[in-house]
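All remarks here apply to the structure that follows.
Values reported hereafter were calculated over all heavy atoms of this structure, with side chains retained and with hydrogens, waters and symmetry mates removed. Counting begins at 1 with the first residue of the sequence.
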Amino acid sequence: IVNFYQESSDARYRQIQLVSQSMSIAFLAIMALSALFVFYPASKKITEYTELLKTKKLELERYISLVDEQVIISSTDLDGNITYASDAFCRISKYSKSELLGKNHRIIRHPDMPPNLYDELWDSITQNRSWSGEIRNLAKDGTDYWVKAVISPIFDVQGNKIGYTAIRQDISDKKKIEEISITDGMTGLFNRRYFNDIFPRIINNAKRDAKSIAFLILDIDHFKQYND
């Protein structure tokens, strides 16, 4: 009888052990499934977000490449030394990037541009204002070109001014058309259209500065038949 109870007790103990082990395995399985349900969607979202970032990065790189190729852009430090030049800028100025980087922006200044224009430009941008206007520049090969420029200061993340960026539009063709419209084709002198446009301004400037002006008319006999 003692042996019987002992064997029965051992059997029940073994059964309890088996049940306990089964419950432990079941609990671990449930935990594993729970973790799978919890972390799999998160992992999937992370993968999707990573792929989205890669896609957006490629789009941004294509956009930057397109801008660099098509838009005339340059950046300088606070002293006007070139720190960045787009491919379009190099193409119109006929300088390579290595020839431009580190050089002062005066490298493309045309000698016929009035100094007061640059005084006005620097006065604006040094006071953290943008400046816009038309500028005649000089290319490496000695030819000139006209641009419509917008120049603005640039700042770092702390708000400190670190330089200037200029975005330009090539208006050389526009300037050629303007020149043709206000000059005589035979002599290259300014025509009546230009006179009608500029003379009122000359009179107003003279009145403002209390200065005198002189107006001279030359009459050349029979010149019209040759000029036409």
Side-chain angles (χ1 to χ4, degrees), residues 66-154 161-206 208-209 211 213-214:
L66 181 63
V67 171
D68 188 71
E69 178 66 25
Q70 302 297 331
V71 183
I72 306 170
I73 304 175
S74 66
S75 296
T76 71
D77 59 18
L78 295 174
D79 296 321
N81 300 312
I82 300 172
T83 57
Y84 168 77
S86 68
D87 289 342
F89 180 81
C90 294
R91 192 164 54 251
I92 195 170
S93 68
K94 297 181 173 60
Y95 285 98
S96 66
K97 288 194 177 184
S98 60
E99 292 174 316
L100 289 171
L101 296 180
K103 300 294 192 305
N104 194 276
H105 224 285
R106 288 190 298 268
I107 192 174
I108 60 168
R109 179 179 294 187
H110 197 284
D112 292 345
M113 289 300 295
N116 64 315
L117 179 138
Y118 294 102
D119 293 339
E120 177 190 336
L121 186 160
W122 278 101
D123 182 64
S124 295
I125 62 178
T126 52
Q127 296 185 46
N128 297 340
R129 300 195 309 265
S130 294
W131 180 91
S132 63
E134 296 180 351
I135 302 177
R136 186 182 186 183
N137 286 333
L138 189 66
K140 181 182 178 181
D141 62 358
T143 58
D144 62 351
Y145 61 95
W146 283 87
V147 293
K148 171 71 173 179
V150 178
I151 305 173
S152 304
I154 51 178
K161 185 166 62 177
I162 58 175
Y164 308 99
T165 290
I167 301 176
R168 305 171 182 84
Q169 176 187 1
D170 183 7
I171 58 170
S172 300
D173 292 340
K174 171 177 172 280
K175 283 295 183 179
K176 287 178 182 178
I177 294 172
E178 287 180 0
E179 183 179 355
I180 292 172
S181 68
I182 62 173
T183 55
D184 179 78
M186 179 178 178
T187 63
L189 301 175
F190 290 120
N191 57 22
R192 182 181 294 275
R193 178 180 298 170
Y194 181 74
F195 171 80
N196 292 337
D197 178 58
I198 198 68
F199 197 62
R201 282 185 276 168
I202 294 175
I203 294 175
N204 291 332
N205 290 339
R208 183 192 62 201
D209 300 332
K211 293 182 178 179
I213 59 172

- Qualifying ring pair (Phe, Tyr, Trp, His ring centres under 6.0 Å) pairs, either residue in residues 123-144, two or more places apart: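 Pairs touching residues 123-144 that pass the test: none.
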- Pairs involving residues 80-128, ordered by first then second residue, that meet ring pair (Phe, Tyr, Trp, His ring centres under 6.0 Å) (sequence neighbours left out):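 Counting only pairs at least two positions apart or across chains, the ring pair (Phe, Tyr, Trp, His ring centres under 6.0 Å) contacts touching residues 80-128 are Phe89-His105, Trp122-Tyr164.
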Look up atom [atom1] in [X] and atom [atom2] in [Y], then write down how far apart they are to the nearest 0.5 Å.
X      : Y      : atom1 : atom2 : answer
Asp197 : Ile202 : CG    : CD1   : 10.0 Å
Leu101 : Cys90  : CG    : SG    : 7.5 Å
Leu78  : Thr83  : CG    : OG1   : 10.0 Å
Ile108 : Leu100 : CD1   : CG    : 8.0 Å
Ser132 : Gln169 : OG    : CD    : 12.0 Å

- Message: So Ile135 and Leu121, do their side chains get closer than 4.5 Å, heavy atoms only?
- Response: yes
Suppose the criterion is salt bridge (Lys or Arg N to Asp or Glu O under 4.0 Å): which pairs have a residue in [range], not counting sequence neighbours?
range            : answer
residues 75-84   : none
residues 113-127 : Asp123-Arg129
residues 101-116 : Asp112-Arg136

- Modelled atom types, side-chain donor and acceptor of Thr165 and Ser75, under 3.5 Å: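 Side chains of Thr165 and Ser75: pair found under 3.5 Å.
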- Please check if atom NZ in Lys176 has more than 12 non-hydrogen atoms from other residues, nucleotides or ligands closer than 6.0 Å.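 Counting neighbours around NZ of Lys176, 12 or fewer heavy atoms of other residues, nucleotides or ligands fall under 6.0 Å, so no.
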- Item | Set of residues satisfying side chain to side chain contact (heavy atoms under 4.5 Å, CB included) with respect to Gln70, sequence neighbours excluded | Leu66
- Worked check of salt bridge (Lys or Arg N to Asp or Glu O under 4.0 Å) between Asp68 and Lys97: CA-CA 12 Å; Asp68 188 71; Lys97 288 194 177 184; 3.8 Å; yes
- Query: For Glu178 and Lys174, what are the C-alpha separation, side-chain angles and deciding distance, and is it a salt bridge (Lys or Arg N to Asp or Glu O under 4.0 Å)?
  - Reply: CA-CA 6 Å; Glu178 287 180 0; Lys174 171 177 172 280; 2.9 Å; yes
